[in-house]
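Each chain gets a letter, A, B and so on, in the order its sequence line appears, and its residues count up from 1. What you see is a predicted model; the values in this text were computed from it and never measured.
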Protein chains: 2
Amino acid sequence: MARRRNTVTIREVAEDAGVSLQTVSRVINDEPNVRPQMRDRVQSSIDRLGYVPSLAAQRMSGSRSYLILAINDRERTLADWRERTGTDWVDQMLLGGTLTCSKNGYRMIVELVDTHADHVERELGATVSALQPDGVILTPPHSENTQITRLLAERNIPVARIGSVEEGPGIRLTMGDEGAAYAATKRLIELGHSKIAMIAGPDQYSLSAWRITGWKRAMEEHGLATDGLCEKGDFGYESGTQAARSLLHRHTNLTAIIGSSDQMTLAALEVARDRGLHVPRDISLISFDNTPIVRFTQPPLTAVDQPIAETVSIAVEHLINLHKAPPVNEIIDVPAELVERSSTGPAPAAE
Amino acid sequence: MARRRNTVTIREVAEDAGVSLQTVSRVINDEPNVRPQMRDRVQSSIDRLGYVPSLAAQRMSGSRSYLILAINDRERTLADWRERTGTDWVDQMLLGGTLTCSKNGYRMIVELVDTHADHVERELGATVSALQPDGVILTPPHSENTQITRLLAERNIPVARIGSVEEGPGIRLTMGDEGAAYAATKRLIELGHSKIAMIAGPDQYSLSAWRITGWKRAMEEHGLATDGLCEKGDFGYESGTQAARSLLHRHTNLTAIIGSSDQMTLAALEVARDRGLHVPRDISLISFDNTPIVRFTQPPLTAVDQPIAETVSIAVEHLINLHKAPPVNEIIDVPAELVERSSTGPAPAAE
DNA sequence: ATGAAAGCGCTAACAA
DNA sequence: TTGTTAGCGCTTTCAT
């Protein structure tokens, strides 16, 4: 069975318009050296025939692939999806990414990449060879994986690294972590809290440290102690339970906790409840992420909203070179916002 | 600046192995007529050089594109993402789709397509021309959009239609809607309920009717009336509020509601609470979707879990022809499961 | 400002 | 069983 030709090619457009292939190509790519009259003629043929250039052919002839790769941690992402934890990180990436991509004729492809050292080079290398993307967006913890950044640099593929300020190839974007932690802490201080603890994320993620820094800065500015008030988790629920238990055990006069993820803060809420503490009357809680679920908990959590969509959108814009002359050494910091709900309130009167 | 060659091509592999391009091609595509010894030789060159075929080139030479398109309703999806309603439909599609795709060397690309009649043909036509996917997965309401199915059929692109049983091109998959509604209703009847209402989805979605059918069948089998017990919504929260109000207003002796989406059921929960009804003591609630948020509401909702990941995975398998001889006229029904939580309980004693 | 020719990396059809 | 040839649809030279 002969596979019928079923797409319009550049040749048909050229014939229809009575011009050469090149002229059509020039029109498609908005290149100079085409008279307006000619351009109109060709464009109308394109429209009438419904011609759309084949991505594959464009890529083949050495032009762009019009593909942007968004890379996420395989293990964590799969776990989130399988357990349906309600993390909408990927959705927000798609929101910011696909919209900006499609505005410019690009597509975004989500790829999951293992952090495991043996695989990463082969795995990502294969993906890049197959797809030949025009740009790659790296998210933590991949943003700081030198194996990955080196591989991409070798292949001359533009990179946007989200959540990293480390020197290295590509542009760097952060989501206001330090500032947000500072603002959250400050807000709690305004509410009269002075014993404010932090459940931080894992060291593997740079942003964990930035948030600690923001929290410490606010505390110190107000002459408040931070010793023993920081516990580390891995962003997951279980680790939040451990951290909250240990904090509440050590500090019976704790009146506020900032959790570096929704899951950990949710766990803290549960732990507080188990100990008979009422939120926010006895203890205030602020979370990081602002995933959908925190609006539905009892009480709904005050949370730092991660501007994922906006950040990814900006990353895409830079990758496809909308901003000519990329500020190579600059770091783009997209500010995060604090969304106040009912898990924060005035500090309880001192005993 | 000369763009440096930075990928290994089939030619280099051929030279390295001392064979022709064609032999390498045969090895790559696992074709017959290559002696094991030759195959090994070529394979080791491939491995050593880290060669991966270029998708674009493969596509160009008339073979597959190794791309599967997953199409969702643009407006609804964007709204869900922007409002962060917690719908993880796309995530579940990615979970089922990308895993099965990547196992077979394919990629899945998520596309948002407007339902609006004027656009759809141009829009989807352009995407298909550009990407030339090997298969397309359609979700409601696109699954039954004849403009779309016709377009894809004309271009000989294999289609999987989720949530449609209508005659037409491609394979059809459903997610056990009728059976699940039947099972949910039956469960409520077992719990002693007899006045069981339904908040259905919009007519635009076939599955809305299937769920009504399942509910009615269970009711009738037990000699229970259904008159005036079905209200229609649009799956959104607002419409759920309207529907629940109207139902509770008309039927003061209502003891159970089945909602055709999480958002509508959440709205019903709120309405019930406003009227001083305790869930599940005074009224039981069962939802459809089982998105992450329903585990965190008070009380957590009993819900019909939509097997999205599994369904999409099966769709992909068929599209890439893992199951030779596709059962063209068969409908694949992936059963949904009822997840019991705390929004269902025994019917209150009759007054 | 426009066109002709060459080639991107691969596979299909054919030849050996 | 293996190799050779001719494209796929497009963009790059380079001519005109």
To the nearest angstrom, how far is [X] atom [atom1] from [N] atom [atom2]?
X: A:Ile10; N: C:dG3; atom1: CD1; atom2: C1'; value: 13 Å
X: A:Arg11; N: D:dG9; atom1: CZ; atom2: P; value: 8 Å
X: A:Leu55; N: D:dC8; atom1: CG; atom2: C1'; value: 15 Å
X: B:Glu12; N: C:dC10; atom1: CD; atom2: C1'; value: 14 Å
X: B:Arg59; N: D:dG7; atom1: CZ; atom2: P; value: 18 Å
X: B:Leu21; N: D:dA6; atom1: CG; atom2: P; value: 14 Å

> Using a distance-only test with no angle check, is there a side-chain donor-acceptor pair under 3.5 angstrom linking A:Glu144 and A:Ser164?
Replying inline: yes
> Where along residues 22-35 of chain A does a heavy atom fall under 4.0 Å from DNA chain D?
Replying inline: A:Gln22, A:Ser25, A:Asn29, A:Glu31
> Counting only non-hydrogen atoms, which of residues 36-52 of chain B are less than 4.0 Å from DNA chain D?
Replying inline: B:Met38
Partner set under side chain to side chain donor-acceptor pair (under 3.5 Å) for [X], not counting sequence neighbours:
X: B:Arg76; value: B:Tyr205
X: A:Thr127; value: none
X: B:Thr77; value: none

> Is the phosphate of C:dG3, meaning OP1 or OP2, less than 4.0 Å from a side-chain N or O of A:Ser20?
Replying inline: yes
> Among all residues two or more places apart in sequence or in another chain, which pass the side chain to side chain contact (heavy atoms under 4.5 Å, CB included) test with A:Ser20?
Replying inline: A:Gln22, A:Thr23
With sequence neighbours excluded, what pairs up with [X] under the salt bridge (charged side-chain N to carboxylate O under 4.0 Å, His left out) test?
X: A:Arg122; answer: none
X: B:Glu111; answer: A:Arg107
X: B:Asp91; answer: none

>> So, using ring pair (Phe, Tyr, Trp, His ring centres under 6.0 Å) as the criterion, who are the partners of B:Tyr51 when residues are at least two apart?
In response: none
Throw together a table of side-chain donor-acceptor distances under 3.5 angstrom for residues 34-45 of chain B, partners on residues two or more places apart or in other chains.
unit_1  : atom_1 : unit_2  : atom_2 : d
B:Arg39 : NH2    : B:Glu31 : O      : 2.8
B:Arg41 : NH1    : B:Ala17 : O      : 2.5
B:Gln43 : NE2    : B:Asp47 : OD1    : 3.0
B:Ser44 : OG     : B:Arg41 : O      : 2.9
B:Ser45 : OG     : B:Asp16 : OD2    : 2.5

>> Quick check: on DNA chain D, is the nucleotide nearest B:Gly18 upstream (toward 5') of the one nearest B:Met60, or the reverse? Name the residue that is more 5'.
In response: B:Gly18
> Of B:Ser61 and B:Val19, whose closest DNA chain D nucleotide lies nearer the 5' terminus?
Replying inline: B:Val19
> Atom CD of B:Glu166 and atom CZ of B:Arg161: how far apart are they, to the nearest 0.5 Å?
Replying inline: 7.0 Å
> When the C1' atoms of the five terminal pairs at each end define the local axes, what inter-axis angle does the helix from C:dA1-D:dT16 to C:dA16-D:dT1 show, to 10 degrees?
Replying inline: 30°
